[in-house]
Amino acid sequence: MNKVAGIIRVDRKVLDIDKVLQMGMTFRWRKHGQIWHGVIGRNAVQLEQKNEGVAYSCVNGDSSDSGLNSELIRFFDLERKYEIPHDDENLTNAVGKYEGIRQLQLDPIETLYSFICSSNNHISRISSMMTFLGSKGDLLAQIKSDTDVEPNLFRYQAFPSIETLAQLTEQELRAANFGYRAKFIVKTSASILENGGNSWVETLKSEDYVVAVEKLMTLAGIGRKVADCIALYGLNKRESIPLDVHLIRLANRDYNLKEAEKGLTPTRYEGIVARLRETWGRDAGWVQTVLFYKELQLSKEKKKSPKSKREKNKPRTEKKEVKVEVKEEPVELQSEAQVSSRKGPVVTTRRRAAQKIKTECDEMPLKKAKEEEF
DNA sequence: CAGGTC
DNA sequence: GCTGG
C-alpha cells in the first residue's frame, strides 16, 4: 500500500519538465491539468513541477522501494552539470533563455523505435505511433475519468519487448498509420531478435559511440541522423550530434558555418558534426538539444501573427482541462521522499575522449571552445 | 512542410 | 514518399 512519492528539489532553470517531455525526445508522456503521466521502466509515474522542485509519485502498487528517486535523477540526467564553452556568447544566451533542458536518458529500445518513427514526421504523429506500440505492452496502471464520459484517459503501459514487437505485421502497422515506416519496424524487430533481442540493444550502451552508431545503422529505417538520436538519448553517448537542416541553418547563422542545408552526404555529415563537436565540447549532444529547441521556438514565433504576443509559459497545445483520477486512490504528490535509494549512484563519471572520433575533416573548429573541468 | 532513409 | 495539422 505504501505509495512511492517524493520531491526532487531542483530549480526550473535546471529542469523544466514541460519542455523536456514534449520537445521531441520522448513521446509517450501526457499532461492532464498540471500532472504529467508516463512510464519509466516498470513504474507508472506522475510528475508535477512546483516551485520547490519536481514532485513525483509511482501509481502502480508494488513498488514501495523501487529506487524511483534515483531512477528519476538518472532519467533527467540530474547528476550531470553541463559544460558550456565559456567564450560562446550565443550558447550562453540560448541556455539562459531556453533553460531547463536536459539530455534525457531514455530506454534504449523505446528510443530506437521512437526515432525510426521520427523520419519525415512531426511530434504529434510520432506520439500517436509510439502510443500504438506502447499499447502492446503490459498494463501497469490506468487513469479513468471521473465523469466516465471519456473513459481510460491514460493507460500506463510498459514498452513491449522485442519478442512482442516482432509479432506486429506490416498491415497492422500500416492500418495504424505508420506509413512506409511499417516495413522498417517489421524488419528491424526481426533483425534485433536475430541479434539477440533486448539484451543486444542494451549492450550497445557499453559500446563506443562510433561502434554503436555503426551497429544501429545496420537496421532498417535507421540512418545516420536517427542513429545519432538513439545514441544520444537512449545510449548516453554525449558526443552524438543529430544533424538536420535546423541545426545546419543555425550553425550557418550563429557559428559561421558555410554549408548547404540540403544534400547531406555521409562525408559532409561527418565533417560538419566533427567541427560542431569541437566547437561545443564535452556536452555537444546536450548543446545540440538546447539550440535545436531554440530554433524551433524561433520558427514557431515567426509563423505566428506578429500582433498576438502570447505568454511563453503557456503551452501552445493547450486543450480542455480534464479532471483525472487514478485507478485505486489518488496519490499525494506533496510528501517528502520516502524512498531509500539503496542502489546508490548509477552513473559513474567517465571521461570520454571526443577527439578519438575519427573524422576526415581538417578544418578548424568554428569557435574556440575551451575545455574546462568544473 | 514535418528533426530522413533506402 | 506515408499522412496529419
Side-chain angles (χ1 to χ4, degrees), chain A residues 19-27 94 98 101 103-104 106 111-133 168-191 213-234 240-253 257 259-270 272-273 276 284-304 315-319:
Chain A
K19 288 194 180 83
V20 298
L21 294 180
Q22 56 91 273
M23 66 178 286
M25 277 184 274
T26 181
F27 301 91
Y98 303 95
I101 293 172
Q103 179 191 319
L104 299 185
L106 305 167
T111 307
L112 189 152
Y113 284 86
S114 296
F115 286 97
I116 289 180
C117 295
S118 77
S119 70
N120 263 333
N121 213 344
H122 53 263
I123 291 175
S124 67
R125 192 171 158 216
I126 301 168
S127 298
S128 81
M129 291 158 81
M130 287 304 289
T131 300
F132 175 82
L133 294 183
L168 290 165
T169 64
E170 185 179 342
Q171 300 126 320
E172 188 180 1
L173 290 164
R174 283 193 177 266
N177 291 329
F178 277 68
Y180 63 85
R181 303 165 201 85
K183 197 177 293 178
F184 295 158
I185 302 285
V186 171
K187 289 179 77 173
T188 284
S189 298
S191 302
V213 165
E214 275 176 6
K215 292 191 173 181
L216 285 169
M217 286 178 65
T218 64
L219 302 172
I222 302 183
R224 188 64 174 85
K225 190 261 176 179
V226 167
D228 262 321
C229 291
I230 299 167
L232 183 60
Y233 303 123
S240 172
I241 301 177
L243 184 64
D244 67 346
V245 291
H246 297 281
L247 205 67
I248 296 179
R249 189 197 314 130
L250 79 87
N252 279 331
R253 188 190 60 219
L257 181 81
E259 294 280 351
E261 292 176 10
K262 291 185 175 178
L264 260 190
T265 62
T267 310
R268 284 192 61 221
Y269 189 108
E270 298 303 332
I272 295 172
V273 153
L276 292 176
W286 172 76
V287 169
Q288 180 274 348
T289 306
V290 173
L291 293 181
F292 179 81
Y293 180 81
K294 171 191 170 187
E295 201 63 14
L296 277 199
Q297 297 308 306
L298 290 179
S299 71
K300 275 183 188 174
E301 285 170 20
K302 262 192 173 180
K303 276 186 183 174
K304 284 194 303 181
R316 208 171 310 286
T317 55
E318 193 174 28
K319 292 175 183 169

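Chain letters run A, B, ... following the sequence lines, proteins first and then strands; every chain starts at 1. In what follows, every heavy atom counts, from backbone to side chain, and hydrogens, waters and symmetry copies are set aside.
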Between [N] ([atom2]) and [X] ([atom1]): distance, integer Å:
X	N	atom1	atom2	value
Tyr269(A)	dC6(B)	OH	C1'	16 Å
Ile126(A)	dG4(C)	CD1	P	14 Å
Leu219(A)	dT5(B)	CG	C1'	13 Å
Gln297(A)	dG3(B)	CD	P	12 Å

ask   = For Arg249(A) and Phe184(A), take the nucleotide of DNA chain B holding the closest heavy atom to each; which residue's nucleotide lies nearer the 5' end?
value =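 The residue closer to the strand's 5' end, by nearest nucleotide, is Arg249(A).
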
request  = Select from Gly24(A) and Ile222(A) the residue whose nearest nucleotide in DNA chain B is closer to the 5' end of that strand.
outcome  =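 Between the two, 5'-proximity favours Gly24(A).
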
ask   = Do any of residues 285-293 of chain A sit with a heavy atom less than 4.0 Å from DNA chain B, and if so which?
value =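 Heavy-atom contacts with DNA chain B come from Gln288(A), Phe292(A).
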
task = May I ask you to decide whether Arg253(A) forms a salt bridge with Glu295(A), counting only side-chain N to carboxylate O separations under 4.0 Å?
result =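 Salt bridge between Arg253(A) and Glu295(A), a charged N being under 4.0 Å from a carboxylate O: yes.
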
ask   = Going by the angle between their ring planes, with limits at 30° and 60°, are Phe115(A) and Tyr233(A) parallel, tilted or perpendicular?
value =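 Correct class here is parallel.
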
request  = Answer with base, sugar-phosphate or nothing: what part of the nucleic acid does Arg224(A) contact at a heavy-atom distance below 4.0 Å?
outcome  =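 Sugar-phosphate contact only - Arg224(A) comes under 4.0 Å of backbone atoms but never of a base.
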
request  = For Ala220(A), report the nucleic acid contact type (base, sugar-phosphate, nothing); a contact means any heavy atom under 4.0 Å.
outcome  =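 The answer is sugar-phosphate, as Ala220(A) gets under 4.0 Å only of primed atoms, P, OP1 or OP2.
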
Nearest-neighbour nucleotide for the [X] side chain, [options] considered:
X	options	value
Ser124(A)	dG5(C), dT5(B), dG3(B)	dG5(C)
Ser119(A)	dC2(C), dG3(B), dT5(B)	dT5(B)
Arg174(A)	dC2(C), dT5(B), dA2(B)	dC2(C)

query = Is there a donor-acceptor contact under 3.5 Å from the side chain of Thr188(A) to the main chain of Ala220(A)?
reply =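 Yes; judged by distance alone, with no hydrogens or angles, the pair exists.
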
ask   = Does the Arg249(A) side chain pair with the main chain of Asp244(A), one donor and one acceptor, at a distance under 3.5 Å?
value =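 Side chain of Arg249(A) to backbone of Asp244(A): no pair is present.
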
task = Take Asn120(A) and Asn177(A), find for each the nucleotide of DNA chain C with the closest heavy atom, and name the residue whose nucleotide sits nearer the 5' end.
result =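 Of the two residues, Asn120(A) wins.
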
